[in-house]
Amino acid sequence: MTTAIYAGSFDPITKGHVSIIRSGLVAFDRIIVAVVINPNKKSLFTVDERREMIKASLDADPRVEVDGFEGLLADYARKQNVRVVLRGLRGVADFEYELQMANMNRNLNTEMETVFIMANDYFYVSSSLVKEAAILGGDVSSVVPEIVAKKLRERLGR
Ligand code: ADP
């Protein structure tokens, strides 16, 4: 059984993330969606809220596990005994950074490989853009799962 870790901030999860997870499940038997816990980074949703929204967005698919971790992804992967890290590529803008990260992670954990999946229809969607639009009163329901649209409305008092 091959497991991959899909790590990110997921503040909040978008339809872009969901499509990467669904595509990932074509290649891997199990995916651990791991929320990066970074106390220094300002976030709109707590780690627990983000985990809840991820679970709900994937209809509690038994092949998907939702977790959280603090510190190095390389260490987390080692601890979980997982060798594959899944990332999504939205375009050339992502490439430079991802190339650096993949190689740094290779150095930090020589057993680990990063695998990329190309973004589909939601290639232009990012959590930060979603937040920006929602805060300004925009309707983002077409680019985020239903639960996220609802939570955003609640959080932003609409
Ligand atoms: P990070 O803070 O690590 O960038 P994100 O939650 O923004 O965390 O993203 C996690 C992963 O999901 C990254 O590999 C990113 O490229 C990918 N991703 C984000 N948005 C999309 C999207 N719309 N389509 C495909 N992949 C995406």
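Numbers here are sequence positions counted from 1. Only this structure's heavy atoms are used, side chains among them; waters, hydrogens and symmetry mates stay out.
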Next item on the list: With sequence neighbours excluded, give me every salt bridge (Lys or Arg N to Asp or Glu O under 4.0 Å) pair touching residues 35-47.
Entry: none
Check: Is the number of heavy atoms from other residues, nucleotides or ligands under 6.0 Å of F116 CZ greater than 12?
Finding: yes
Notebook entry, point to check: For I20 and G88, which heavy atoms make the closest approach, and how far apart are they?
Noted result: CD1-CA, 3.8 Å
Item checked: Residue pair L44 / P12, side-chain heavy-atom distance below 4.5 Å -> no
Item checked: Between CG on residue N120 and OG on residue S23, distance to nearest 0.5 Å -> 6.5 Å
Check: Is V143 close to V130 at the side-chain level, that is, under 4.5 Å between some pair of heavy atoms?
Finding: yes
Next item on the list: Kindly compute the distance separating CG (L152) from CD1 (I135), expressed to the nearest 0.5 Å.
Entry: 8.5 Å
Notebook entry, point to check: Do F28 and I32 share a hydrophobic cluster (ILVMFWY, side-chain heavy atoms under 4.5 Å, transitive)?
Noted result: no
Next item on the list: Check whether V33 and I5 end up in the same hydrophobic cluster, where Ile, Leu, Val, Met, Phe, Trp and Tyr are linked by side-chain heavy atoms less than 4.5 Å apart.
Entry: no
Next item on the list: Check H17 against S127 and note the closest heavy-atom contact, atom names and distance.
Entry: CE1-OG, 3.3 Å
Next item on the list: With sequence neighbours left out, write down each residue that passes salt bridge (charged side-chain N to carboxylate O under 4.0 Å, His left out) with R153, or none if nothing qualifies.
Entry: none
Next item on the list: Treating Ile, Leu, Val, Met, Phe, Trp and Tyr as nodes and any side-chain heavy-atom pair under 4.5 angstrom as an edge, say whether Y6 and V115 lie in one connected cluster.
Entry: yes
Next item on the list: Would you sort out whether L108 and L72 count as a side-chain contact (heavy atoms from CB on, under 4.5 Å), showing the intermediate values?
Entry: CA-CA 9 Å; L108 296 170; L72 285 176; 4.0 Å; yes
Notebook entry, point to check: Closest heavy-atom contact between V148 and M53?
Noted result: CG2-SD, 3.8 Å
Notebook entry, point to check: In Å and rounded to the nearest 0.5 Å, what is the CG to CD distance from N81 to E111?
Noted result: 9.0 Å
Checklist line | ILVMFWY network linking V66 to V85, side-chain heavy atoms under 4.5 angstrom | finding: no
Margin query: To the closest 0.5 Å, what do you measure between OH (Y124) and OG1 (T14)?
Written below: 10.0 Å
Margin query: Checking side-chain polar atoms at under 3.5 Å, does S141 have a donor or acceptor matched by the opposite partner on D139?
Written below: yes
Next item on the list: Could you tell me the separation between the CZ atom of R63 and the CE atom of M1, rounded to the nearest 0.5 Å?
Entry: 11.0 Å
Checklist line | Side chain to side chain, L25 and V64, heavy atoms closer than 4.5 Å | finding: yes
Margin query: My understanding is that only residues two or more places apart in sequence, or in another chain, count here; which of them pass salt bridge (charged side-chain N to carboxylate O under 4.0 Å, His left out) with E113?
Written below: R106
Next item on the list: If a pair satisfies salt bridge (Lys or Arg N to Asp or Glu O under 4.0 Å) and one of its residues is in residues 9-37, list it, with sequence neighbours excluded.
Entry: D11-R50, D11-K131, R22-D59, R30-E65
Check: For the residue pair R51 and V35, what are the closest heavy atoms and their distance?
Finding: CG-CG2, 3.9 Å
Checklist line | Residues which pass ring-ring contact (aromatic ring centres under 6.0 Å, His included) with Y76, listed by chain and number, not counting sequence neighbours | finding: F69
Next item on the list: Please report the shortest heavy-atom distance between I13 and P145, naming the atom on each side.
Entry: O-CD, 3.6 Å
Note to self: What I want to find out is whether R155 reaches E49 closely enough, with some N-O distance under 4.0 Å, to be called a salt bridge.
What the structure shows: yes
Next item on the list: Using the rule that two of Ile, Leu, Val, Met, Phe, Trp, Tyr join whenever any of their side-chain heavy atoms come within less than 4.5 Å, decide whether V82 and L86 are in one cluster.
Entry: no
Checklist line | SB check E154 K150 (cutoff 4.0 Å) | finding: yes
Next item on the list: Quick one: which residue pairs count as a side chain to side chain donor-acceptor pair (under 3.5 Å) with a foot in residues 82-95, not counting sequence neighbours?
Entry: R87-E98, R90-D94
Item checked: Nearest-0.5 Å distance that lies between atom CG in L73 and atom CG in N109 -> 8.5 Å
Check: Backbone N or O of L129 within a donor-acceptor pair of the S126 side chain at under 3.5 Å?
Finding: yes
Checklist line | Lys/Arg-Asp/Glu bridge criterion (N-O < 4.0 Å) met for D75, R78 | finding: yes
